[in-house]
Amino acid sequence: MKYSGEREHLAKEKKAANKDQSSIEDFFGSKHRDEDAQNDEPPAPVYGVVEANPRASPPPAPPKPEPAQEEQASAEEEYAEEVAEEVAEEAEVITEVRVADSDTPQDLPSSFLLSVDYAGQQRKAIARLYEPKSKNLYFWLDNTGHYPYCYTDLPAQAVEKIDRIRRHSGFMRTETVQLLDLLHDQQKSMTKVLAGDPLSIGGSSGSIREMLVQDGVSHAWEANIRYRNCYTYDRDIVPGLMYKIERGNLVLSSSKTDDKIIEEFRKTVQDEEGVEKLVSRYAPVFFTDVPDIRRVAVDIEVFAPVKNRVPDPATANYEVIAVGLADNEGHDKCLVLKRKNHPEGKKGNDFPANLEIVYFDKEVDMIQEAFRLIDTYPIVLTFVGDAFDLNYLYHRAERLGIDLKRNCPITLGKDMALLKRGIHVDLYKFLKNPSIRIYALSGAYEQNNLDAVAKGLLGVGKLGLSNDISGLPYLELAHYCWNDSSITLRITQFDSNLLLRLIVLLMRISRLSMEDVTRQGISSWIQSLFRQEHRTRKCLIPRQVDIETAKSSEAQTEAVIKDKRFKGAIVIEPVAGVHFNATVLDFASLYPTIMKRHNISYETVDCPHDECRNATDNRVPETSHWTCKKRRGMISQTVGFFRDTRVKWFKGRSKDASLDDKTRKWSSVVEKALKVFVNASYGVTGASHFELFCMPAAESVTAYGRNAILSTKARAESMGIRVLYGDTDSVFLDNPSREQQEQLVQWSRKELGIDLEVDKTYKYVALSARKKNYIGVYKTGGVEVKGLSGKKRNTPDFAQAAFKRMLGVLSKVDSVDGFETAKVEIRDIVNQVIDRLEGRGEPYTPEEVAFRVQITKDLGQYGKTKPQHVRAALMLKAAGYDVPAGTIISYIKTKGDEGVLPVDLAQGKSYWLDKDKYIDTLHSVFEQVLDSVGLEFEELLGFTTLEQFF
DNA sequence: TATAGGCATACGATTGACCTCGT
DNA sequence: GCGAGGTCAATCGTATGCCT
């Protein structure tokens, strides 16, 4: 059985994709999970062979604190705990890579670097490389003698005087190094403490990191960086780029890109000193193509005795009945387990001709064969494989007595399943990432289950079923199972391998391996990117506490919204009513531009230089912050470079009809990847968990933003143009002339240094008195709806449908008088709906009147207030349904004790719809539009309803 | 085990004015 | 005259979804 993140029956038809409509530019969505934080388990006793626990401990046990030191030690431990709360722990992952001698060649032609890991057994960094000609995977073990380390500001002699460090089994030696401390803009002498293995530095109790604590203050820097990343940064290795092995050494393959193109690119984006280094370093990242890496998608089906119950991978109680495999070279296979008296069934019409079915009498044999196949691929794709498919296979194999060490290609980490040879990519995690869903894929799917994602991206969904999975005849089961893996594969293939290329580009920019980049979110990507930037520039990576000490983490501005930490954007009060010929101007990527232009970075806001502190032309509006005039901010410069690269080079090329298809497609992928980083750069600066979190920088960005929109509004008004509305980076102008528009654009470029662009002109815009709520109608008749209840996902379909019909009527209106005609048609729509609600027409189905609201946390987490959707969820749970966080609950409102009834429980049950509640819903959906066009809901109501009141 | 803040809506929970009742 | 207990509207607080 396939486990999907959301309940599938709740899948809603994808909203009409209206390209004009998406203006979620520049900002973001919500959440991501960190992959493998794991702090509470004791170190495993055996070294190097522990597969289920990524925190295997080094061979000799760490020394125990001596009795005399116990008191101090416990104080340190206490402190360590406190620190652990503040700073997100990054658990070290010790991989058990299965390497044969033949896999580690002394020479290898140009190959793509897929990952860098720490090999526990060899105690070295290990790289996985994909050689595109042979389509095979090769390994390379570090031969440079690189060791794990951290820094401390204690002098080397002082470090070596600390008994517990000197006698630590992992301790090797110290070195004194000079690093640039950006926060104080000075060279700093630091002691590098080297160890024989990563866990001696940090991540195990009694590690060196914890011994560099004096008087409750930590003196360790860069001690929580995972070794595989540390190695990557130090060697300036770019995962996703081409490397070759020459006489045992790993060396970068020079790029094949045309020098003329690079030169043109350089000229286009290099507008200031210092950028040439960035151009040289990043050119291979942006201009090296990505091959069609050999890969297979895997999906399994498990026998399930109870309906609606997903088999638990941890216990793996039930037999695996099918394993589907689809690779990108046209091999399509399904392994099927023979069961007693089970029907074979018939091949349906759309049964793929080349799908090979292999029957097994014994489950053990089937799983072994699946393992054998999986182990031959460089990349294995799944959908929810971390939590289900691979996890289930692992535990099932264990249960069946398969020798896991020798015959199972899977190793389990916390919340993930990895492979001993290849790379496992769980597309569920990657596609759920809001940065990917919203920015890279323009919100093509709303829910994260395979069916919804496939429909949104490929236009095809899962197969319909004639029965429970467990009851399907063999052929139908095989078809279904293989189809899921085939869809999973095709998600990485559509649009010339868009998703695969995107993953590789994100690897290159973030410097993370494929396994990490597909599991982590934007804040980890950006963190990794800037760690590399620090290392490359020989700068010390600051700790959160360092930034907080150097500049306050208290905001100087007060948020408008309760519980928010600093002031954000401005929304201009809308002029309620209908406005013909409204033109919208907006700033092109406002916040990134501000960061670039005003040199905003954690080290350059409130910098340590007196001359900057006392200058007058560098003050941040509304605050007492200032920006640095002496040094270019690292984040400011990098984000500025990415932004310019995207806007000035790749964005235009992705739509340029004069270019060949290949260049256009590639440009579009690079443009999408850059968009993700550029748009999130402000957000992470203001995120308190981010390594480089900096309150002064975050509130400076929004302060400049408010300044920009307010001064633009003032400027427009001084030109005699009425400003109808505006939100963050846009102004709606009342019928401005072409000259006026042009004048404003020029003014903005000159005075603000920000590109103001003419975005669109509406035939008319209907503004309500509410902010973030309006309808805009284009001259072509297209309608854009923002914020109104009628388009919200939780609004029942019957109301959404009626709302849509109303929009159809409104889109035809051409003048003020037109609304009178529209009124008659809208009255008709309203009365038809009310008739059906009141039983005078065809009654609505439960699905049509269902409210769909998400359970955002575990049911037990809800406190005193029990909203309707939670009550409905509790009813479902009582009926035996699985209701994990993230489930969208469909419920109807009824007259009765509970007031709600889940749609799933409505079948065969008698209930009374709470008709009044539904008329209220319709009322509020329509009113939001009607009040702005000068109509009232009440006057639309026909006699049918009024009669009943009087 | 989270990239930001600003805004609208629905509805549950709490508060407090007001009333009735019983002694 | 007073306190207990009930009703109901106003107000506060929580939850969700959306905008940029």
Side-chain angles (χ1 to χ4, degrees), chain A residues 21-39 84-85 88-89 414-415 433-435 438-439 443 446 520-527 555 557-571 574 586-587 589-591 676-677 679-690 692-693 695 697-699 701-702 705-706 709 725-730 768-774 785-789 791-795 851-857 861-871 888-889 893 899-900 917 920-921 924-925 927-928:
Chain A
Q21 198 164 309
S22 92
S23 53
I24 319 168
E25 268 309 274
D26 311 304
F27 297 81
F28 15 79
S30 48
K31 303 143 192 261
H32 85 275
R33 285 168 62 99
D34 199 1
E35 32 73 296
D36 57 0
Q38 177 182 352
N39 304 320
E85 265 174 45
E89 192 55 56
K414 187 153 194 224
D415 293 331
N433 183 332
S435 294
I438 295 173
Y439 296 119
E446 276 202 344
Q520 297 172 357
I522 185 63
S523 63
S524 301
W525 299 348
I526 294 184
Q527 170 180 280
T557 54
E558 197 187 336
V560 173
I561 308 261
K562 176 168 133 318
D563 293 338
K564 300 282 187 186
R565 297 159 306 145
F566 62 96
K567 195 166 184 183
I570 281 194
V571 188
D586 64 5
F587 295 112
S589 53
L590 178 64
Y591 288 172
V676 167
F677 281 86
N679 287 341
S681 52
Y682 146 75
V684 294
T685 306
S688 52
H689 289 288
F690 184 61
L692 303 178
F693 162 64
M695 179 59 80
E699 69 175 343
V701 173
T702 56
R706 291 190 296 276
I709 188 173
Y725 176 62
D727 186 347
T728 311
D729 61 355
S730 66
S768 72
R770 291 170 285 271
K771 295 170 171 177
K772 298 183 190 281
N773 277 262
Y774 62 87
V785 180
K786 297 291 182 191
L788 302 177
S789 298
K791 77 171 254 193
K792 290 201 178 180
R793 171 170 62 67
N794 53 340
T795 299
F851 291 83
R852 293 173 297 256
V853 183
Q854 187 179 189
I855 300 280
T856 56
K857 46 193 175 189
Q861 303 282 101
Y862 286 87
K864 280 183 182 172
T865 43
K866 291 261 185 293
Q868 296 180 324
H869 66 292
V870 176
R871 293 209 303 274
I888 292 176
I889 306 293
K893 298 188 183 180
V900 294
K917 287 261 174 63
D920 281 352
T921 301
S924 62
V925 163
E927 193 183 40
Q928 290 179 356

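Order of the sequence lines sets the chain letters (A, B, ...), proteins ahead of strands, with each chain counted from 1.
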* Asked: Does any N or O donor sit under 3.5 Å from an N or O acceptor when you compare the side chain of A:Lys772 with the base of C:dC19?
  -> yes

Touch class at under 4.0 angstrom, heavy-atom based, for [X] against every strand present:
X: A:Lys917; value: nothing
X: A:Thr685; value: nothing
X: A:Ser730; value: nothing

Value in whole Å for how far the [atom2] atom of [N] lies from [atom1] of [X]:
X: A:Arg871; N: C:dT14; atom1: CZ; atom2: P; answer: 18 Å
X: A:His689; N: B:dA4; atom1: NE2; atom2: P; answer: 9 Å
X: A:Arg565; N: B:dT3; atom1: CZ; atom2: C1'; answer: 10 Å

* Separation between CD of A:Gln527 and CZ of A:Phe690, rounded to the nearest 0.5 Å -> 6.5 Å

* **Among C:dC19, B:dT3, B:dG12, the nucleotide that comes nearest once only the side chain of A:Ser523 is considered** => B:dT3

* Structure fact -> Quick note, A:Ala680 side chain, CB onward, closest among C:dA15, B:dA4, B:dT3 is B:dT3

* **Whichever of A:Lys562 and A:Asn773 has its nearest DNA chain C nucleotide further upstream toward 5'** => A:Lys562

* To do: May I ask you to verify if any side-chain N or O of A:Lys866 is less than 4.0 angstrom from the OP1 or OP2 atom of B:dA10?
  => no

